[in-house]
Amino acid sequence: EDKVVQSPLSLVVHEGDTVTLNCSYEVTNFRSLLWYKQEKKAPTFLFMLTSSGIEKKSGRLSSILDKKELFSILNITATQTGDSAVYLCAVFLGGADGLTFGKGTHLIIQP
Amino acid sequence: DSGVTQTPKHLITATGQRVTLRCSPRSGDLSVYWYQQSLDQGLQFLIQYYNGEERAKGNILERFSAQQFPDLHSELNLSSLELGDSALYFCASSPRFWSGSTTGELFFGEGSRLTVL
């Protein structure tokens, strides 16, 4: 059975800290890994990764994929209270099955 | 705003009842996906439609059904509701059927929160 596991499940840090969120996967027919941010309602797209070792960056957020070890990390530097959200990792298997999501990491940034 | 519209936003009903959730995908998107999000299970894929035809089924119960209409909007029907069906139901759309050239990115609606009492 395809599996996506995120850790930690919950994380509380102070504003200005750097955080690293983890996502590991055991799936067949891997095509890409995606990160989403979910604040109050709809998940919004952050990154899509297909190749190992190539870092994707957007402002203070960055992500990298290791296809050999089957994991990805999402880094957020100089965190702000607006970064508080659930961060979802999902794997696209290249078939017709949509995305397989992990349970998410609930990140809380305290002022 | 993702461009995906879901109604209703909130719905409270009793056990044993039936409800219909509605989704309008982004303009031009042919694929519609339904997901269920509960506190303990995370986002679970239910079903996918592409241009009116069912393409894939995930963890969808037999009490649930969906369809996509010629104008590409989709409806998710939930019947014989149980307490455990209380969840946030998301619709998402993407431009085309999954193929080797797609990225897998989905555009999510705001969700319909269903509470079964």
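Quick caveat: nothing in here was measured; it's all calculated off a predicted structure. In what follows, chains carry the letters A, B, and so on, assigned in the order in which the sequence lines appear, proteins first and then strands, with residues in each chain numbered from 1.
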With the 4.5 Å side-chain cut-off for hydrophobic clustering, are A:L46 and B:V4 part of the same group?
-> no
Does the ring center of B:F108 lie less than 6.0 Å from the ring center of A:Y36?
-> yes
Residues of residues 101-111 of chain A under 4.5 Å from chain B (heavy atom pairs)?
-> A:F101, A:K103
Separation between CD (B:Q37) and CG (A:L88), nearest 0.5 Å, reads 6.5 Å
Spell out, yes or no, whether A:Y25 and A:L74 are grouped together once hydrophobic residues are joined by side-chain heavy atoms under 4.5 Å, including indirect joins.
-> yes
Can you check whether A:Q38 reaches B:F90 side chain to side chain, under 4.5 Å on heavy atoms?
-> yes
Looking only at heavy atoms, what is the nearest atom pair of B:G109 and A:A42, with distance?
-> O-CB, 2.9 Å
If you link ILVMFWY side chains whenever their heavy atoms are less than 4.5 Å apart, which other residues fall into the same cluster as A:L9? By chain and number, please.
-> none
Say whether B:L72 and B:Y49 are linked into one hydrophobic cluster, either directly or through other cluster members, by side-chain heavy-atom distances under 4.5 angstrom.
-> no
Spatial distance of atom OH (B:Y33) from atom CG (A:L99) [nearest 0.5 Å] = 7.5 Å
Nearest-0.5 Å distance, CG of residue B:L106 to CG of residue A:L34 = 8.0 Å
Show which residues join A:I73 in its hydrophobic cluster (side-chain heavy-atom contacts under 4.5 Å, direct or indirect), or state none.
-> A:I64, A:F71
With the 4.5 Å side-chain cut-off for hydrophobic clustering, are B:L78 and B:W34 part of the same group?
-> yes
In terms of hydrophobic clustering (I, L, V, M, F, W, Y; side-chain heavy atoms under 4.5 Å; direct or indirect links), are A:V86 and B:L88 co-clustered?
-> yes
Does B:E54 CD have over 12 foreign heavy atoms under 6.0 Å away?
-> yes
Side-chain atoms of residues 58-66 of chain B: list all donor-acceptor pairs with protein atoms under 3.5 Å, sequence neighbours left out, distances to 0.1 Å.
from: B:N59; atom 1: ND2; to: B:Q44; atom 2: OE1; distance (Å): 2.8
from: B:R63; atom 1: NH1; to: B:S79; atom 2: O; distance (Å): 3.0
from: B:R63; atom 1: NH1; to: B:S80; atom 2: O; distance (Å): 3.0
from: B:R63; atom 1: NH1; to: B:D85; atom 2: OD2; distance (Å): 2.8
from: B:R63; atom 1: NH2; to: B:D85; atom 2: OD1; distance (Å): 3.0
from: B:R63; atom 1: NH2; to: B:D85; atom 2: OD2; distance (Å): 3.2

